[in-house]
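Presented below is the structure to which this report refers.
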Amino acid sequence: EEWKERGAAVATRQEVDQNGRPVSKIVKKGVNDFHFGRTLGEGSYSTVLAATDRQIHREYAVKVLDKRHIIKEKKVKYVNIEKDALNRLTEHPGIVRLYYTFQDERSLYFVLDLANGGELLGHLKKMGTFDEECTRFYGAQILDSIAYMHSKGIIHRDLKPENVLLDEQMHTKITDFGTAKILDIRSRPQDGGGTGNDGPGAGDPMDGVEQERAVSFVGTAEYVSPELLTDKNACKASDLWAFGCILYQLLAGRPPFKAGNEYQTFQKIVALDYHFPDGFPAVARDLVERLLVLDPSKRLPIDHIKAHPFFDGIQWGKGLWKQKAPRLR
Ligand code: ADE
């Protein structure tokens, strides 16, 4: 198989030529440029390790994927989707950024932003529930990140509190784009078209590795949108369904649709069978009810969500990412 990596110029090194004249050589980062440390997480196809750039002493999270295992389990497509999606999403503080990709004989390496605070789910479990102010702040950061990825033609398709990481400042960073849907660039005229350059780490890590088309992807049961279950089709509004589930979960301490098994969870979703616990704030209830709508075309669009009274007081845009996170309550 071929695991091509288009030569991405990521750093220069000053050297001298035969005549003693200084020349700057372009060098690509590789495994040996990092000192690997603690394990941050383990998935079925990857391990995430903390690693420090030996030159600039900056710490990253490096996702290490075993090539043989990925090929054997027919996951090549998902690895490429994750890389392609992340390469479109390099300019937003709320999304884990991909800095470099490289490989050795055994593994592929994705060098990512380190999010030291762990998963939002862990913090929610520790707290039980979040109060309205915390839910407003974390909800706003997640929504701002969704707005950005949708503007770049990426649908996440598996948004859930496990895939929302927190950094040192307790700001959110969305991760895990392996199951994203990448929309055709031509369907985004507001964007002015692509440049054809998808930035550092461009190229297909598994070019030439043919794999069968996977059956249509279904995300995590509790956050799956009804249109995915009935039409097997996800759209941007599917992420907003998941966002409604997350808002509900932050305030209620559990997702709205939960049952003993996946099939029963799906039955509840398509029947819109959920209830609000006593004490659920009325203004948040109004917003969640406008998101958990079976017809995706009738779900509140992002600009209306931002203008909803639940988000009153939120400073949208760059200011949201300069704000101090509220203490968890
Ligand atoms: N676990 C998985 N991805 C991570 C990241 N980017 N930072 C910290 N822990 C992680």
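We count ligands from 1, going down the list as the structure has it; atoms in each ligand are counted the same way.
- A distance limit of 4.0 angstrom between heavy atoms and ligand 1 selects the residues L40, V48, A61, D113, L114, A115, L165.
- Under the side chain to side chain contact (heavy atoms under 4.5 Å, CB included) criterion, R136 pairs with E132, F310, F311, I314, not counting sequence neighbours.
- In this structure, the side chain of K181 engages the main chain of A234 through a donor-acceptor pair within 3.5 Å.
- In this structure the side chain of H308 reaches within 4.5 angstrom of the side chain of R290, judged on heavy atoms.
- Taking the centre of each ring, Y248 and F276 come in below the 6.0 Å mark.
- Y45 has its side chain out of reach of V79: every pair of non-hydrogen atoms, C-beta onward, lies at least 4.5 Å apart.
- Using cut-offs of 30° and 60° for the angle between ring planes, the Y109 and F36 rings count as tilted.
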